[in-house]
Amino acid sequence: GELVKLHFCLKETEEGAPQAERMWVEVESKTATGNYTGILNNDPYFIADLTEGSKIEFAACNISAIFVGKDSKSWVNEDLLASVDKLVVD
């Protein structure tokens, strides 16, 4: 499945500590309620009760990024992009 990056908000944080941990999840399926299920693709650093391979249920609003590989139809070849730095008005 697709790889998505989720933000996991930390419940208890110390002064100056991170407020969230960002990790990749491989999407498995969409639930009847419109959420998604997936498998955690990282080993968390701050969240002790999760491990790589844990099953996660999440909503679309929890997704902060979607991984797009070079073999994907959504891949953008940056070498073919042009930059426009001047607005042209008729």
| message | Running the 4.5 Å side-chain criterion over Ile, Leu, Val, Met, Phe, Trp and Tyr, what cluster does L40 land in, apart from itself? | response | V4, L6, F8, L10, M23, V25, V27, Y36, Y45, F46, I47, L50, I56, F58, I63, I66
| request: State which residues pass side chain to side chain contact (heavy atoms under 4.5 Å, CB included) with D43; sequence neighbours excluded, sorted by chain then number. | output: T51, E52
| request: Any pair with a residue in residues 15-40 that passes salt bridge (Lys or Arg N to Asp or Glu O under 4.0 Å), sequence neighbours left out, goes on the list, sorted by first then second residue, please. | output: E28-K55
| task | Under 4.5 Å between side-chain heavy atoms, chaining through other members, with only Ile, Leu, Val, Met, Phe, Trp and Tyr counted: pull out the rest of the cluster around W24, sorted by chain and number. | result | L3, F67
| Which residues satisfy the side chain to side chain contact (heavy atoms under 4.5 Å, CB included) test with S64, sequence neighbours excluded? | K5, H7
| query | Considering residues at least two apart in sequence or located in another chain, which fulfil the side chain to side chain contact (heavy atoms under 4.5 Å, CB included) criterion with T33? | reply | T31, N35, E57
